[in-house]
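Read through the structure below, which is laid out as structure tokens, and then see the notes.
Just so we're clear, the structure is a prediction, and the values are computed from it rather than from any experiment.
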Amino acid sequence: QVQLVESGGGLVQAGGSLRLSCAASGIIFSANGMNWYRPAPGKQRELVATITSLGTTRYADSVKGRFTISRDNAKNTVYLQMNSLKPEDTAVYYCNVPYYPDNWGQGTQVTVSS
């Protein structure tokens, strides 16, 4: 069974940084791409960042240049380094395995104050 546990969220002032973590189990982590999502107005959710099994990354335009996704296959963990945070980044952030789209963790709350 796929299990995803997000952590690292918190309250930070605009311009600050946070690093989110997502520990995955129940999958061959190194063989899977990983995504970070957050809810978005008018959409079910926004794909914030993605990393393939080979380490190729892509970002939403809204976070490009500020967020960095990375992975540690030895720890079965994907990270999202969030810099230069803005109030509009406030959301619950979820990780997801594209091959198992119906499996979600509890998310981690990020709140950016102005």
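No more than 12 heavy-atom neighbours from other residues, nucleotides or ligands sit within 6.0 angstrom of CD1 on Ile28.
Here the side chains of Met34 and Val97 are in contact, with some heavy-atom distance below 4.5 Å.
Between Ser21 and Thr77, the shortest heavy-atom contact is CB-CG2, 4.2 Å. Closest of all the heavy-atom pairs between Asn76 and Asn73 is OD1-O, 3.1 Å. Listed here is the closest heavy atom pair of Val78 and Cys95: CG1-CB, 4.5 Å. The shortest heavy-atom contact between Tyr59 and Phe67 is CE2-O, 3.2 Å. Of all the heavy atoms in Leu47 and Trp36, the pair that sits closest is CD1-O, 3.6 Å. Looking at every heavy atom in both residues, Ala24 comes nearest to Leu4 through CB-CD2, 3.7 Å.
Taking a cutoff of 4.0 Å between a charged side-chain nitrogen and a carboxylate oxygen, Asp89 and Lys86 do not qualify as a salt bridge.
Thr56 OG1 to Arg58 CZ: the interatomic distance, rounded to the nearest 0.5 Å, is 9.0 Å. Taking CD of Glu88 as the start and OG of Ser114 as the end, the distance is 10.0 Å to the nearest 0.5 Å. Here the OG atom belonging to Ser62 is positioned 4.0 Å from the CD atom belonging to Glu46, to the nearest 0.5 angstrom. Distance CD1/Ile69 to CG/Leu20: 10.0 Å, rounded to 0.5 Å. In this structure, CD on Gln109 lies 9.5 Å from CG on Leu11, to the nearest 0.5 angstrom. Atom OG of residue Ser30 and atom CZ of residue Arg71 lie 7.0 Å apart, to the nearest 0.5 angstrom.
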Begin with the C-alpha distance, continue with both residues' side-chain angles, and end with the deciding distance and a verdict on side-chain contact (heavy atoms from CB on, under 4.5 Å) for Glu6 and Gln106.
CA-CA 7 Å; Glu6 300 94 339; Gln106 82 289 349; 3.3 Å; yes
Would you sort out whether Gln81 and Ser17 count as a side-chain contact (heavy atoms from CB on, under 4.5 Å), showing the intermediate values?
CA-CA 7 Å; Gln81 178 67 44; Ser17 298; 4.0 Å; yes
Given Tyr93 and Leu80, is the side-chain contact (heavy atoms from CB on, under 4.5 Å) satisfied, shown in steps?
CA-CA 10 Å; Tyr93 285 73; Leu80 186 66; 4.2 Å; yes
side-chain contact (heavy atoms from CB on, under 4.5 Å) between Leu85 and Leu18: does it pass, once the steps are laid out?
CA-CA 8 Å; Leu85 282 161; Leu18 284 172; 4.2 Å; yes
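Taking the centre and axis of the six-membered ring of Tyr94, the NZ or CZ atom of Arg45 falls outside the cone set by 45° and 6.0 Å. Remark: Arg19 is positioned above the aromatic ring of Tyr79, its terminal NZ or CZ atom under 6.0 angstrom from the ring centre and at most 45 degrees off the axis.
Residue Val63 is not grouped with residue Val92 when hydrophobic side chains (ILVMFWY) are merged at heavy-atom distances under 4.5 angstrom, including chains of intermediate members.
Under the side-chain contact (heavy atoms from CB on, under 4.5 Å) rule, Met82 has a single partner from Val110, Val112, Val12, which is Val110.
For the residue pair Ser53 / Asn32, no side-chain donor-acceptor distance below 3.5 Å is found, with atom types taken as modelled.
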